[in-house]
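Only one structure is covered here, and it is reproduced in the block below.
Residue numbers run from 1 in the order of the sequence given.
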Amino acid sequence: MAIAAPPSTPTFSGSFRPTRTHSPPSFTRFPSIFSHISKPHPTPARRLTLSARLNSSVSPDNGDLQGELFHGFSPQRRGRGSPVFVTMPVDSVDPLSGQVRRRKTMSQSFKALVAAGVEGVVMEVWWGIVERDQPGLYNWRGYLAVVELAKRCGLKVRAVLAFHQCGTGQGDPHWIPLPLWVLDEIDKDPDLAYSDRFGRRNTEYISLGCDSLPVLRGRSPLQAYADFMRNFRDTFKHFIGVIIIGIQIGMGPAGELRYPSCPTQKLTSAWRTRELGEFQCYDKYMLASLNARAREIGMPEWGNGGPIGASNLMQNPEETKFFRSDNGLWNTSYGTFFLEWYSGMLLLHGERLCREAEAIFWGTKANTSAKVAGLHWHYLTQSHPSELTAGYYNTSTRDGYLPIARMFARYGFSLCCPCFDLQDLDEKQMNPFSSPEGFLRQLLSAARVCDIPVEGEPSAASLDDKSFQQVVKMSKYYSYGLEKPSFSFNFVRMDKNMFELHNWVRFTRFVRQMSDVNIFRAKLDVDAMADSRRFSTSVSDVAKFGMASAYC
């Protein structure tokens, strides 16, 4: 939850929909503070082609290794497999100055990733950093430096446009709030933040209830997001479609299309399985929408708030009036009314953002994507409470993910989703009703039905073989039988632990397994490293690219 295409060169297409050839006229509301962007070096001839197939055969290639390391696979090497990307550290760009941090160390880390066969990096572009102080004043310096560095090292970039808060507060080393001027507006009007029935406010993301209202100094939140996307496009226009081959649009807390039914930090803890979540419909904008909808159907008494009898204080949903299996209010006409409205508002928010992004990035040849949360801990119950409170109307009698997949398909979006590393056997030890594999199979089935590409993510930065093999297993579930499977994986995230030798060996082996090529790009003999009797110079290569360049 926390913490969302692919390469350039003939294979995993940077866009999985027909190439957009005509760009509609667009207007940048606020000019970039950068009047000039240095023109990047000419693009290698081996450019991304949208007609390339992932399952084409691979022929050995004896080309220059150095060229491969810094300019990507040859066409023959690109023919098969699923590319792997690595998410950069949260603090890659300083939140105060907007400057890139630890540039030399980052460069060494990027070279290590290239040597390992990694396709590219995932770069989170924080609204709270870029447009920090004043509306319409954008500082892209740090992110421009990262993209330039990735280009020099031969890596592609997926940019995540993060319109949410990162971290828990001032004491958090990874604290990145919403823009300061946005927080000022929230101070003036607290209803810009989501609220539950206890009056607890959540400022991770602006309430979607005011999407189209001019509550941000004359602009609506949707206009602010669109202006940000447009300025990003104009500033990075020489890179988009060439180096920046994927753009993920943040749509809620942790960048996911959902309500903040639980604070994000809770969802990353081991105790998450106890959280049923709270419906986030008590700010005045959400209540106004609910009240209007209730009056439309002639039931005004249903429009005064969320369901009674839903509580996140109990782990067992059977002890609540709303979520219990027998005679639960979720399965009544009232429950249907409320859940259709609640999930419908979330879908409308996603559709608005998809529409804006499609218009803005039309013709750029960059793949657009959005992320769905992996709330699996009550998946085996009848009512799926943790999914319902997050806005996914998914129960034992209703598929709540197919409408989301259909929406993404309409706008040519890829689907990013977590939980690829989780196994039911492990999760059931904490909660017998949990099923990450069941959740993921349902979501991937919806993606297959709608013919949309998938970007997988883990739930945590697990570097053990068991987790990696689970990723491989679930990726095959999605790709099996498809003529042109479109799967890639974002590893979360790059840190010092990743570059420790034993972890690095496992990671490079995983990348090679996902790539599924006959000849590995890096000059690394991972099999030799696994056998001390064949301890070759490739180990020193790994140490040089890995441990010595550990990102810390």
Side-chain angles (χ1 to χ4, degrees), residues 1-4 87 253-278 311-320 323-325 371-392 394-396 399-401 404 415-447 454-478 487 489-493 497 506 510:
M1 331 230 356
I3 330 215
T87 305
E256 298 162 343
L257 179 62
R258 66 173 173 89
Y259 293 101
S261 50
C262 291
T264 297
Q265 65 269 21
K266 278 192 174 185
L267 299 183
T268 59
S269 71
W271 290 100
R272 65 183 182 276
T273 57
R274 295 184 178 274
E275 295 291 340
L276 303 183
E278 284 289 346
S311 173
N312 67 352
L313 303 178
M314 308 176 192
Q315 181 180 1
N316 186 0
E318 298 302 323
E319 298 177 13
T320 69
F323 296 121
R324 65 191 182 195
S325 299
K371 189 176 180 182
V372 171
L375 302 168
H376 54 79
W377 31 95
H378 296 104
Y379 186 82
L380 297 180
T381 65
Q382 295 291 308
S383 61
H384 297 227
S386 50
E387 293 165 79
L388 296 185
T389 55
Y392 305 141
N394 189 59
T395 67
S396 59
D399 189 336
Y401 297 110
I404 296 174
L415 171 65
C416 181
C417 52
C419 298
F420 272 79
D421 58 326
L422 297 182
Q423 296 187 24
D424 283 4
L425 186 63
D426 296 331
E427 292 298 314
K428 286 179 185 296
Q429 294 177 12
M430 293 187 287
N431 185 345
F433 299 108
S434 177
S435 179
E437 294 181 62
F439 151 76
L440 197 52
R441 281 193 294 268
Q442 181 182 350
L443 191 61
L444 294 180
S445 295
V454 169
E455 300 172 10
E457 287 189 0
S459 60
S462 303
L463 287 156
D464 57 280
D465 285 329
K466 182 180 178 181
S467 297
F468 285 141
Q469 290 310 304
Q470 182 68 10
V471 172
V472 174
K473 170 187 170 182
M474 296 310 295
S475 69
K476 288 181 178 178
Y477 177 86
Y478 168 77
F487 180 81
F489 186 72
N490 301 330
F491 178 79
V492 183
R493 68 181 62 236
N497 185 51
R506 285 193 288 265
F510 164 72

Query - salt bridge (charged side-chain N to carboxylate O under 4.0 Å, His left out) contacts in which one or both residues fall within residues 460-478, not counting sequence neighbours - result: Asp426-Lys466, Glu437-Lys473, Asp465-Arg509
Query raised in the report: Do Phe487 and Phe420 have ring centres separated by under 6.0 Å?
Result: yes
Query raised in the report: How many angstroms lie between SG in Cys262 and CD in Glu275, if you round to the nearest 0.5 Å?
Result: 4.0 Å
Query raised in the report: For the atom pair NZ (Lys428) and CD (Gln423), what is the distance rounded to the nearest 0.5 Å?
Result: 12.5 Å
**Report entry** Beyond-backbone contact of Asp399 with Gln442, side-chain heavy atoms, under 4.5 angstrom
**Finding:** yes
Query raised in the report: Taking atom CD of Glu427 and atom OG of Ser435, what is their separation to the nearest 0.5 Å?
Result: 9.5 Å
Query - Beyond-backbone contact of Pro253 with Arg258, side-chain heavy atoms, under 4.5 angstrom - result: yes
Query raised in the report: Can you find a pair of side-chain heavy atoms, one from Ser383 and one from Arg324, that are under 4.5 Å apart?
Result: no
Query raised in the report: Any ion pair linking Glu256 and Lys371 (charged N to carboxylate O, less than 4.0 Å)?
Result: yes
**Report entry** Gln382 vs Ser396, side-chain hydrogen bond (donor to acceptor under 3.5 Å, both in side chains): CA-CA, chis, key distance, verdict
**Finding:** CA-CA 5 Å; Gln382 295 291 308; Ser396 59; 2.9 Å; yes
Requested in this report: Hey, could you give me the CG/CG distance between Leu415 and Leu444, rounded to the nearest 0.5 Å?
Outcome: 7.5 Å
Requested in this report: Compare all side-chain heavy atoms of Tyr379 with those of His384 and state whether any distance is below 4.5 angstrom.
Outcome: yes
Query raised in the report: Tyr477 versus Leu440: any side-chain heavy-atom pair under 4.5 Å?
Result: no
Query raised in the report: What heavy-atom pair brings Glu455 and Asn490 nearest, and what distance separates the two atoms?
Result: OE1-ND2, 3.7 Å
Query - Leu463 and Phe468, any side-chain heavy atoms less than 4.5 Å apart - result: yes
**Report entry** Any side-chain heavy-atom pair of Leu276 and His378 under 4.5 Å
**Finding:** yes
Query raised in the report: Which pair of heavy atoms, one from Pro418 and one from Pro458, lies closest together, and at what distance?
Result: CB-O, 4.1 Å
Requested in this report: Report the C-alpha separation of Thr389 and Glu278 in whole Å, then their side-chain angles, then the decisive distance to 0.1 Å, and conclude whether the side-chain hydrogen bond (donor to acceptor under 3.5 Å, both in side chains) test is met.
Outcome: CA-CA 6 Å; Thr389 55; Glu278 284 289 346; over 6 Å; no
Query raised in the report: Between Ser434 and Asn431, is there a donor-acceptor pair closer than 3.5 Å when you use the side chain of the first and the backbone of the second?
Result: no
Query - CZ on Phe433 to OG on Ser386, rounded to 0.5 Å - result: 12.0 Å
Requested in this report: Please lay out, stage by stage, how Gln470 and Asp421 fare under the test side-chain hydrogen bond (donor to acceptor under 3.5 Å, both in side chains).
Outcome: CA-CA 5 Å; Gln470 182 68 10; Asp421 58 326; over 6 Å; no
Query raised in the report: Can you check side-chain contact (heavy atoms from CB on, under 4.5 Å) on Phe491 and Phe510, steps first, answer last?
Result: CA-CA 11 Å; Phe491 178 79; Phe510 164 72; 5.6 Å; no
Query - Side chain to side chain, Asp424 and His376, heavy atoms closer than 4.5 Å - result: no
Query - Gap separating the CZ atom of Phe323 from the CG atom of Asn316, nearest 0.5 angstrom - result: 12.5 Å
Report task. Check whether the ring centres of Tyr401 and Phe439 lie less than 6.0 Å apart, and answer yes or no. Result -> yes
